[in-house]
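Below: one structure, written as C-alpha cells.
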Amino acid sequence: SSAVTSSTKIVLNLESLGSLPADEAGPLARYASTIQAQRHDYNGKVLSIRAEDLKSLAIIYDMSPDELTTRLIEWGVLSPGMESVVGFGGP
Ligand code: C2E
Ligand code: C2E
Ligand code: C2E
C-alpha cells in the first residue's frame, strides 16, 4: 500500500462542497457531515480531516487516492498543490 505523508493537513472547503451536485459529491458530503457530527463541529467553513479518511473516501469512490485528490481539486474542495504534498502513490 502507498505511504501517506502527514506533513500537510487535508482541509476540505465546505462551501465548495455544499455547492456541488449531490450525485457526485454526495458520499463525500455525507462523510464530512458525519465527522462534523462526531466532533460537534458545525460552524466551520473548512473541515480538517485525517489522512486515513482520504484513503477510505478513495475506496468509496472506487479511485486511487491520487485520482480522488485530483478530483477534489477540480471540484474546488481541496486547494491546488495537494497532489504533490499529500504524497500518495510514491515509491
Ligand atoms: P489550522 O489547523 O491551520 O486552522 C486554521 C483555521 O482554519 C482555524 O482557526 C479554523 O478557523 C479553521 N479550521 C481548520 N480546520 C477546521 C475544522 O476542522 N473545523 C473548523 N470549524 N474550523 C477549522 P482557529 O480555530 O483560530 O485555529 C487556529 C490554529 O489553532 C489551528 O490552525 C490549529 O493549529 C490550532 N487549533 C485550533 N483548534 C485546534 C484543535 O482542536 N486541535 C488542534 N490540534 N489544533 C487546533
Ligand atoms: P477518537 O478517535 O477516539 O478521538 C477522541 C478524541 O481525541 C477526539 O475527540 C479529539 O479530541 C482527539 N483526537 C483524536 N485524533 C485527533 C487528531 O488527529 N487531531 C486532533 N486535533 N484531535 C484528535 P472528538 O474530536 O470529539 O472526536 C470524537 C470521535 O469522533 C473520535 O474519537 C473519532 O471516533 C471520531 N472522529 C472525529 N473526527 C474524525 C475524523 O476526522 N476522522 C475519523 N475517522 N473519525 C473522527
Ligand atoms: P491526521 O490524522 O491526518 O489528522 C489531520 C487533522 O485532522 C488533524 O490535525 C485535525 O485537525 C483533524 N482531526 C483528525 N482527527 C480528528 C479528531 O478526532 N477530532 C478533531 N477535532 N480533529 C481531528 P492535527 O490535530 O494538527 O494533527 C496532526 C496529526 O497528528 C494527525 O494527522 C495525526 O497523525 C496526529 N495526531 C494528532 N492528535 C492525535 C491523536 O489524538 N491520536 C493519534 N493517533 N494521532 C494524533
Side-chain angles (χ1 to χ4, degrees):
S1 62
S2 57
V4 178
T5 58
S6 52
S7 55
T8 299
K9 272 200 271 192
I10 297 159
V11 184
L12 302 177
N13 183 326
L14 296 177
E15 290 181 327
S16 298
L17 181 57
S19 64
L20 288 167
D23 61 333
E24 285 207 286
L28 174 61
R30 285 194 293 276
Y31 202 103
S33 296
T34 302
I35 290 174
Q36 285 182 289
Q38 287 174 318
R39 293 183 191 169
H40 308 286
D41 178 9
Y42 300 107
N43 297 318
K45 293 182 178 177
V46 298
L47 185 71
S48 302
I49 65 163
R50 298 181 186 177
E52 277 296 322
D53 291 327
L54 196 66
K55 294 170 77 175
S56 301
L57 283 163
I59 293 166
I60 291 167
Y61 276 94
D62 195 21
M63 292 178 186
S64 72
D66 282 330
E67 288 168 333
L68 179 60
T69 300
T70 301
R71 184 67 57 90
L72 296 181
I73 292 166
E74 288 167 1
W75 284 347
V77 171
L78 276 182
S79 298
M82 285 300 294
E83 292 129 313
S84 54
V85 291
V86 170
F88 291 106

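Nothing here was measured: the structure is a model prediction, and the numbers come from that model. First listed ligand is number 1; within each ligand, the first listed atom is number 1.
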Side chain to side chain, Thr70 and Glu74, heavy atoms closer than 4.5 Å: yes
Given side chains that start at C-beta, do those of Leu72 and Leu57 come closer than 4.5 Å, heavy atoms only? no
Could you list each N/O atom of ligand 1 together with any protein N/O atom closer than 3.5 Å, one pair per line with the distance?
{"unit_1": "ligand 1", "atom_1": "2 (O)", "unit_2": "Lys9", "atom_2": "NZ", "d": "2.8"}
{"unit_1": "ligand 1", "atom_1": "15 (N)", "unit_2": "Ser48", "atom_2": "OG", "d": "2.6"}
{"unit_1": "ligand 1", "atom_1": "18 (O)", "unit_2": "Arg39", "atom_2": "NH1", "d": "3.2"}
{"unit_1": "ligand 1", "atom_1": "18 (O)", "unit_2": "Ser48", "atom_2": "N", "d": "2.9"}
{"unit_1": "ligand 1", "atom_1": "19 (N)", "unit_2": "Asp41", "atom_2": "OD2", "d": "2.6"}
{"unit_1": "ligand 1", "atom_1": "19 (N)", "unit_2": "Val46", "atom_2": "O", "d": "3.3"}
{"unit_1": "ligand 1", "atom_1": "21 (N)", "unit_2": "Asp41", "atom_2": "OD1", "d": "2.8"}
{"unit_1": "ligand 1", "atom_1": "21 (N)", "unit_2": "Asp41", "atom_2": "OD2", "d": "3.3"}

When you measure from the side chain of Tyr61 to the backbone of Leu28, do you find a donor-acceptor pair of N or O atoms at a distance under 3.5 Å? yes
Does Asp23, at its CG atom, have more than 12 non-hydrogen atoms belonging to other residues, nucleotides or ligands within less than 6.0 Å? yes
Leu47 and Ile60: same hydrophobic cluster, using ILVMFWY side-chain contacts below 4.5 Å? yes
Side chain to side chain contact (heavy atoms under 4.5 Å, CB included) involving Ser56 - partner list, sequence neighbours excluded: Tyr31
Check: Tyr31 N/O within less than 3.5 Å of ligand 2 N/O: no
